[in-house]
Participant: 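One structure, pasted below without further comment.
All values below come from the heavy atoms of this structure, side chains included, with hydrogens, waters and symmetry mates left out. Numbering of residues begins at 1 and proceeds along the displayed sequence.
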Amino acid sequence: MQQSFAHSLYRNFLGQAPKWYKATLIGFLVLNPILFFFVSPYVAGWALVLEFIFTLAMALKCYPLQPGGLLAIQAVAIGMTTPQQVYHEIEANLQVLLLLMFMVAGIYFMKNLLLFLFTKIITKVRSKTAVSLLFCFSSALLSAFLDALTVIAVIISVSVGFYSVYHKVASGKKIHHSHDHTEDHELPEYSRKDLLQFRAYLRNLMMHAGVGTALGGVMTIVGEPQNLIIGQQAGWHFAEFAIRMSPVTIPVLIFGLLTCFLVEKFKVFSYGVNMPENVRTILVEFDHQETKRRTQLDNAKLVVQGVIAVWLVVALALHLAEVGLIGLTVIILATSFTGVIEEHQIGHAFEEALPFTALLAVFFAVVAVIIDQQLFTPVINWVLTFEGDLQLVMFYLANGVLSMVSDNVFVGTVYITEVKKALLAGQITRDQFDMLAVAINTGTNLPSVATPNGQAAFLFLLTSALAPLIRLSYGRMVYMALPYTVVLTLVGFIMIYSGILVEYTQMFYDMGIIHHGTTTPLAQPNGH
């Protein structure tokens with residue numbers, strides 16, 4: 001009985017995660033107290049950080065909240081940090097938690113407008129290159145003001161919808177018939193070739209859209225969660241953040257769109273696949289039927305959502321309130337004027353954001369360990385021995401490499417916290433801090449497109465219901481992201497290393513567009 005219960009307990013532990021993964025995590029939990037009490041708290045702290053990065057890198061095996069959370073709980077229990085320090089880190093980053101909770105939920109109620117826009121792009125534009133550029137640019141534009149996960153979720157919804165429609169019709173059924181679009185056995189042989197080509201076409205669009213979220217996400221304070229953490233530590237609002245990033249982000253956007261054009265034009269890295277004509281005919285007819293079915297009530301909802309989108313942009317640009325509170329106004333306005341008044345309807349909007357919000361709280365627990373054990377202090381001190389543009393490049397590359405294998409929010413949080421400590425200790429000037437903040441932000445956002453580990457939007461796409469339908473695997477995603485990874489990383493590197501970033505920032509100072517910051521911080525990085 002005892003053995004049977006123990007076996008059941010082990011099987012329940014982390015559910016369907018691989019046995020080797022469970023054993024590895026148990027090994028971590030056994031090792032950490034030994035290192036902390038018998039070797040060195042500093043060594044134990046670094047072990048914890050590497051173990052946590054491992055759980056982030058293995059996100060496809062098990063969502064990092066559970067294994068990372070167990071490691072964080074143990075760290076507090078054995079004294080690597082204190083509950084007070086963890087709470088302080090969460091309190092200092094409350095804006096980010098509010099952003100994730102309310103902004104993501106707010107955009108959920110604007111999905112109909114986004115679905116409408118992306119549907120029209122696919123059905124109205126015949127040129128594949130033009131469609132690809134529109135998907136990439138639209139994703140970038142939306143991700144600069146909205147949540148990247150929501151943008152990619154909407155595009156996934158469009159793609160799954162179109163895939164299921166074509167699959168149903170190609171299987172000889174009518175639109176209103178029930179059908180399982182995950183099974184191909186009902187498809188006649190002549191339709192299978194079109195289906196293979198359509199899958200490749202959708203893979204192209206999803207990758208362009210995913211990269212677009214990174215291109216736009218790096219540009220503004222609401223584009224990615226780590227942007228808000230960095231901007232908050234620097235005391236920048238929406239406009240100043242965008243202006244300070246622009247010497248790097250605008251060239252990166254231009255070259256990113258150019259890369260999109262070139263890979264489509266020359267049909268390299270699996271791009272350049274056109275939509276089969278049979279598929280286009282079916283989808284255009286489907287969109288035509290949906291348009292005819294749309295009522296005046298539906299049209300009114302689209303107009304209201306468009307007006308709310310304008311409000312969102314204006315409120316963010318003028319910093320009328322903290323971004324999380326602006327997101328809350330979007331929820332209230334969008335639900336009030338589209339007839340969503342029941343609690344369970346509203347609850348669905350929060351399902352997407354809350355798991356990551358909880359994971360972010362675990363990030364801050366690990367950051368608390370890093371602060372209390374002073375883990376990154378020697379690393380930061382070494383990097384600060386470099387001078388000028390080379391110092392910025394070292395921060396850019398250090399963040400970039402780590403963001404390729406780990407979550408870029410965690411990486412950005414760690415580095416900006418340590419750099420803020422250096423500012424408060426008088427090791428760097430306020431102007432140096434501001435330049436390093438730009439290097440950290442661009443470093444965490446740009447090279448991280450290399451793998452799904454770094455970009456949350458990529459990971460969301462890879463774990464979505466669409467990925468198996470269009471045969472989008474981890475390896476294929478890395479391969480298709482490669483041209484973008486190289487171009488975005490190099491352009492960011494050149495903008496920083498060449499001195500263009502410093503030169504344009506000085507020009508912005510001289511023109512009075514931005515002003516030199518004060519040494520007094522808005523948010524203390526630790527509780528001491």
Participant: If only atom types and distance count, is the side chain of Gln427 paired as donor or acceptor with the main-chain N or O of Asn381 below 3.5 Å?
Facilitator: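 Not confirmed, Gln427 side chain does not pair with Asn381 backbone.
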
Participant: Work out which heavy atom in Met103 is nearest to a heavy atom in Leu316; give both atom names and the distance.
Facilitator: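 Closest approach of Met103 to Leu316, heavy atoms only: CE-CD2, 4.3 Å.
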
Participant: Identify the residue among Thr429, Asp434, Asp431 that makes a side chain to side chain donor-acceptor pair (under 3.5 Å) with His516.
Facilitator: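 Of the listed residues Thr429, Asp434, Asp431, the side chain to side chain donor-acceptor pair (under 3.5 Å) partner of His516 is Asp431.
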
Participant: Is the backbone of Thr220 close enough, under 3.5 Å, to the side chain of Asn227 for a donor and an acceptor to pair up by distance?
Facilitator: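 Yes; judged by distance alone, with no hydrogens or angles, the pair exists.
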
Participant: Closer than 3.5 angstrom, by distance alone: can the side chain of Ser403 be matched with the main-chain N or O of Gly400 as a donor-acceptor pair?
Facilitator: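 Side chain of Ser403 to backbone of Gly400: no pair is present.
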
Participant: Can you give each donor-acceptor pair under 3.5 Å made by side-chain atoms of residues 305-312, sequence neighbours left out, with the distance rounded to 0.1 Å?
Facilitator:
from	atom 1	to	atom 2	distance (Å)
Gln305	OE1	Leu113	N	2.9
Gln305	NE2	Phe109	O	3.3
Trp311	NE1	Thr329	OG1	3.1

Participant: Mind listing the closest non-hydrogen atom pair of Gln374 and Lys421 along with its distance?
Facilitator: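 Result for this residue pair: CG-NZ, 4.4 Å.
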
Participant: Check whether any side-chain heavy atom of Leu360 lies under 4.5 Å from a side-chain heavy atom of Phe363, and answer yes or no.
Facilitator: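 Yes - at least one pair of side-chain heavy atoms lies under 4.5 Å apart.
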
Participant: To the closest 0.5 Å, what do you measure between CH2 (Trp236) and CD1 (Ile221)?
Facilitator: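 If we round to the nearest 0.5 Å, Trp236:CH2 and Ile221:CD1 are 9.0 Å apart.
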
Participant: Less than 4.5 Å apart, side chain to side chain, heavy atoms only: is that true for Leu29 and Leu71?
Facilitator: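 Yes - at least one pair of side-chain heavy atoms lies under 4.5 Å apart.
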
Participant: So which pairs with a foot in residues 486-501 pass side chain to side chain donor-acceptor pair (under 3.5 Å), sequence neighbours left out?
Facilitator: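 Residue pairs passing side chain to side chain donor-acceptor pair (under 3.5 Å), neighbours aside: none found.
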
Participant: Find out whether Thr417 and Ile370 are in side-chain contact, i.e. whether some heavy atom of one side chain is under 4.5 Å from a heavy atom of the other.
Facilitator: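 No; the side chains remain at least 4.5 Å from each other.
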
Participant: Donor-acceptor check, side chain of Thr451 to backbone of Met404, threshold 3.5 angstrom: yes or no?
Facilitator: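 Yes, Thr451 side chain to Met404 backbone: donor-acceptor pair under 3.5 Å.
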
Participant: So, Lys420 side chain and Gln233 main chain: donor-acceptor pair closer than 3.5 Å or not?
Facilitator: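 Checking the backbone N and O of Gln233 against the side chain of Lys420, a donor-acceptor pair under 3.5 Å is found.
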
Participant: Using side-chain heavy atoms (C-beta onward) and a distance below 4.5 Å, is Thr485 in contact with Val478?
Facilitator: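 With C-beta onward as the side chain, the pair stays apart.
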
Participant: With rounding to the nearest 0.5 angstrom, report the NE2 to OG1 distance, His208 to Thr259.
Facilitator: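 One gets 10.5 Å once the value is rounded to the nearest 0.5 Å.
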
Participant: Please report the shortest heavy-atom distance between Ile326 and Ala315, naming the atom on each side.
Facilitator: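 It is CD1-O, 3.6 Å.
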
Participant: Nearest 0.5 Å, what's the CD-CD1 distance between Gln455 and Ile152?
Facilitator: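 CD1 of Ile152 is found 10.0 Å from CD of Gln455.
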
Participant: Between atom CG of Leu397 and atom CZ of Phe493, what is the distance when rounded to the nearest 0.5 Å?
Facilitator: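 The distance works out to 6.0 Å.
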
Participant: Under a 4.5 Å cut-off applied to non-hydrogen side-chain atoms, are Pro67 and Phe28 in contact?
Facilitator: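 When only atoms from C-beta onward are counted, Phe28 and Pro67 do not touch, as no gap falls below 4.5 Å.
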
Participant: How would you list all residue pairs meeting side chain to side chain donor-acceptor pair (under 3.5 Å) that involve residues 132-142, not counting sequence neighbours?
Facilitator: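 Qualifying pairs: Ser132-Glu264.
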
Participant: Test of understanding: with side-chain contact (heavy atoms from CB on, under 4.5 Å), list the residues that count as partners of Val158, not counting sequence neighbours.
Facilitator: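 side-chain contact (heavy atoms from CB on, under 4.5 Å) list for Val158, sorted by chain: Leu115, Phe118, Thr119, Ile122, Phe162.
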
Participant: List, one per line, each side-chain donor-acceptor pair under 3.5 Å for residues 339-346, sequence neighbours excluded.
Facilitator:
from	atom 1	to	atom 2	distance (Å)
Glu342	OE1	His344	ND1	3.4
Gln345	OE1	Glu342	N	3.3

Participant: Pair Val379, Glu418 - check side-chain contact (heavy atoms from CB on, under 4.5 Å), show working.
Facilitator: CA-CA 10 Å; Val379 178; Glu418 290 299 316; over 6 Å; no

Participant: Contact between Val438 and Leu392 at the side-chain level, heavy atoms closer than 4.5 Å - yes or no?
Facilitator: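 Side-chain contact under 4.5 Å: no.
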
Participant: Rounded to the nearest 0.5 Å, how far apart are CG of Leu302 and CG of Asn112?
Facilitator: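 Interatomic distance, Leu302 CG to Asn112 CG, rounded to 0.5 Å: 6.5 Å.
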
Participant: Taking all non-hydrogen atoms of both residues, which atom of Leu472 and which atom of Met207 are closest, and how far apart?
Facilitator: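 Closest heavy-atom pair between Leu472 and Met207: CD1-SD, 4.5 Å.
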
Participant: Test Leu205 against Ile155 for side-chain contact (heavy atoms from CB on, under 4.5 Å), laying out the working first.
Facilitator: CA-CA 9 Å; Leu205 294 189; Ile155 301 172; over 6 Å; no

Participant: Backbone N or O of Ala439 within a donor-acceptor pair of the Asn399 side chain at under 3.5 Å?
Facilitator: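 Not a single qualifying donor-acceptor pair exists.
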
Participant: Quick one: pull up CD1 in Ile254 and OG1 in Thr249 and give me the separation to the nearest 0.5 Å.
Facilitator: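 Rounded to the nearest 0.5 Å, the CD1-OG1 separation comes out at 9.5 Å.
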
Participant: Start with the C-alpha gap between Val218 and Met245, add the side-chain angles, then the distance that decides, and say whether side-chain contact (heavy atoms from CB on, under 4.5 Å) holds.
Facilitator: CA-CA 8 Å; Val218 69; Met245 297 297 157; 5.7 Å; no

Participant: If you take all heavy atoms of Leu466 and Ser159, which pair is closest and at what distance?
Facilitator: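 Smallest heavy-atom distance, with atoms named: CD2-CB, 3.6 Å.
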
Participant: Taking everything shown except Tyr21 itself, do over 12 heavy atoms lie less than 6.0 Å from its OH?
Facilitator: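 Yes - once you tally the heavy atoms of other residues, nucleotides and ligands closer than 6.0 Å, there are more than 12.
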
Participant: Are Val154 and Lys111 close enough that some pair of their side-chain heavy atoms sits under 4.5 Å apart?
Facilitator: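 With C-beta onward as the side chain, the pair touches.
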
Participant: Check step by step if side-chain contact (heavy atoms from CB on, under 4.5 Å) holds for Arg244 and Phe508.
Facilitator: CA-CA 8 Å; Arg244 286 184 178 275; Phe508 294 147; over 6 Å; no

Participant: Given ring-ring contact (aromatic ring centres under 6.0 Å, His included), test Tyr108 with Phe350 step by step and report yes or no.
Facilitator: CA-CA 9 Å; Tyr108 176 90; Phe350 292 89; 9.0 Å; no

Participant: Testing the 3.5 Å rule here: is there a donor-acceptor pair between the side chains of His348 and Glu351?
Facilitator: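 Side chains of His348 and Glu351: pair found under 3.5 Å.
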
Participant: Give me the atom names and distance for the closest heavy-atom approach of Thr81 to Ala365.
Facilitator: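 Scanning both residues, the minimum pair turns out to be CG2-O, 4.3 Å.
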
Participant: Show the numbers, then the answer: is there a side-chain hydrogen bond (donor to acceptor under 3.5 Å, both in side chains) between Gln85 and His88?
Facilitator: CA-CA 5 Å; Gln85 183 68 14; His88 173 77; 5.6 Å; no

Participant: May I have the step-by-step check of ring-ring contact (aromatic ring centres under 6.0 Å, His included) for Tyr63 and Phe356, ending in yes or no?
Facilitator: CA-CA 10 Å; Tyr63 190 66; Phe356 189 73; 7.8 Å; no

Participant: Counting N and O atoms only, with roles assigned by atom type, does the side chain of Glu224 sit under 3.5 Å from a partner on the main chain of Asn441, one being a donor and the other an acceptor?
Facilitator: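 It does not hold such a pair.
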
Participant: Does a donor on one side chain sit under 3.5 Å from an acceptor on the other, for Asn445 and Gln226?
Facilitator: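 Note: Asn445 and Gln226 side chains meet the donor-acceptor criterion.
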
Participant: Quick one: are Val248 and Tyr396 in side-chain contact, heavy atoms under 4.5 Å?
Facilitator: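 Sidechains of Tyr396 and Val248: no contact.
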
Participant: What donor-acceptor contacts under 3.5 angstrom involve side-chain atoms of residues 43-58, with partners at least two apart or in another chain?
Facilitator:
from	atom 1	to	atom 2	distance (Å)
Trp46	NE1	Tyr42	OH	3.2
Trp46	NE1	Leu375	O	3.3
Glu51	OE1	Asn32	ND2	2.8
Thr55	OG1	Phe52	O	2.6

